[in-house]
Amino acid sequence: MSGAFAFEGRTALVTGAASGIGAAIAEELADRGTHLLLVDIDRAGLARVAEAAARPGLTVRTEALDLADRAAVEAFAAGLVEAGEPLHLLFNNAGVALGGTFERVSDTDFDWLMEINFNAPVRLTRALLPLLERSAPAQIVNTSSIFGIVSPPGQSAYSAAKFALRGFSNALRHELAAAGSGVGVTVVHPGGVATRIAESARMPADASNREVSEGRDRARRLLVMPPPEAARIVLRGVERRKPRILVGRDAHAMALIERIWPVGYWSKLDRLVGAKNE
């Protein structure tokens, strides 16, 4: 899809906007003159981000929403469609984490993660695509992860959701292009961005305090890129309407290693990650 995307005067919906990459994207969009609808379960966090994103002449609205609540997501999207206001950017950015090997993760926790990380983006995209089509040129931006390209042990649920979001995004992009749509699809694969996702991750019910502490310490050592830097990378890619955006040198390195060793990559990456943890 040719032509740079113009942000000024457009309207963006950003999920997961109360902190991390979502909050940073909101502020970057505000700097570019984009009206905002910010969505998150964290009402207080939304208020802080909305205040930080306030700019003269811009509209900044917030919606406290639990993306794991299917009925609430569908009602929220239906309200937007009924209002019929323009929508030019949909950032399906919200995400949660769940530690533990597959055999230790409960069905309830696995389903909870899938609802937020995969099903909610699909539902919002399905409901809001007509608004995006009417507002075209428009862009759907789905935040996957580098774990949507490589699959580390202990991340079966998270990788399943992020691979699914990557596949959905790619297929939808091809379908829209074949139909001559003015809506593009970008899938984002962040590496180690310093968000709170590890701190808020669910852990198996039988996880010891030591396991939880060691897991979060390990994540903190790997999650180093400041969210504003990640947001700038994302928006530069969206401006160019790139189909895929890798965020961080670690994401680029892991994607390259996976391409060279598509089956045996983990033996290479395990050594790389282990070296960073020393």
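When reading the values below, keep in mind they use all heavy atoms of this one structure, side chains included, and skip hydrogens, waters and symmetry mates.
- A donor-acceptor contact under 3.5 angstrom links the side chains of Asn92 and Thr125, judged on distance only.
- The minimum heavy-atom distance between Ser145 and Lys162, with the atom names listed, is CB-CG, 3.8 Å.
- For Thr62 (side chain) and Leu38 (main-chain N/O), no donor-acceptor pair under 3.5 Å exists by modelled atom type.
- Side-chain atoms of Ser267 come within 3.5 Å of backbone atoms of Gly264 as a donor-acceptor pair (strictly under, hydrogens ignored).
- The only member of Leu90, Val185, Val238, Leu235 that meets side-chain contact (heavy atoms from CB on, under 4.5 Å) when paired with Val141 is Val238.
- Using modelled atom types, no side-chain atom of Arg32 and backbone atom of Glu27 make a donor-acceptor pair closer than 3.5 Å.
- Nearest heavy-atom pair, Leu131 versus Ser135, reported as atom, atom and distance to 0.1 Å: O-OG, 2.8 Å.
- Between His35 and Thr59 the shortest heavy-atom distance is ND1-N, 3.0 Å.
- Between Arg232 and Glu28 there is a salt bridge, since a side-chain N of the basic residue sits under 4.0 Å from a carboxylate O of the acidic one.
- Between the side chain of His189 and the backbone N or O of Ser144, no donor-acceptor pair lies under 3.5 Å.
- Pairing each heavy atom of Ala251 with each of Gly191, the nearest pair is CB-N, 3.8 Å.
- Looking only at atom types and distance, the side chain of Thr186 has a donor-acceptor partner in the side chain of Gln139 under 3.5 Å away.
- In this structure, the side chain of Ser159 does not engage the main chain of Gly148 through any donor-acceptor pair within 3.5 Å.
- Panel note: side chain Arg43, backbone Asp40; no donor-acceptor pair is recorded below 3.5 Å.
- Across Val73 and Leu65, no two heavy atoms sit closer than the pair N-CD1, 4.1 Å.
- Electrostatic pairing of Glu85 and Arg134 does not count as a salt bridge here, judged by no charged N lying under 4.0 Å from a carboxylate O.
- Cation-pi check for Arg259 over Tyr265 is not met; the charged atom does not lie both under 6.0 angstrom from the ring centroid and within 45 degrees of its normal.
- A donor-acceptor pair under 3.5 Å is absent between the side-chain atoms of Arg123 and the main chain of Glu74, judged by distance alone.
- Remark: of the listed residues Val14, Thr195, Val247, Thr195 is the sole one forming a side-chain contact (heavy atoms from CB on, under 4.5 Å) with Ile21.
- When all heavy atoms of Val150 and Met254 are compared, the pair lying nearest together is CG1-O, 4.0 Å.
- A donor-acceptor pair is defined here as one N or O able to donate and one able to accept, closer than 3.5 Å; such a pair exists between the side chain of Thr15 and the backbone of Asn93.
- A donor-acceptor distance shorter than 3.5 angstrom exists from the side chain of Ser169 to the backbone of Leu165, with no hydrogens or angles considered.
- Atoms CG and CZ, on Leu98 and Phe110 in that order, are 8.0 Å from each other to the nearest 0.5 Å.
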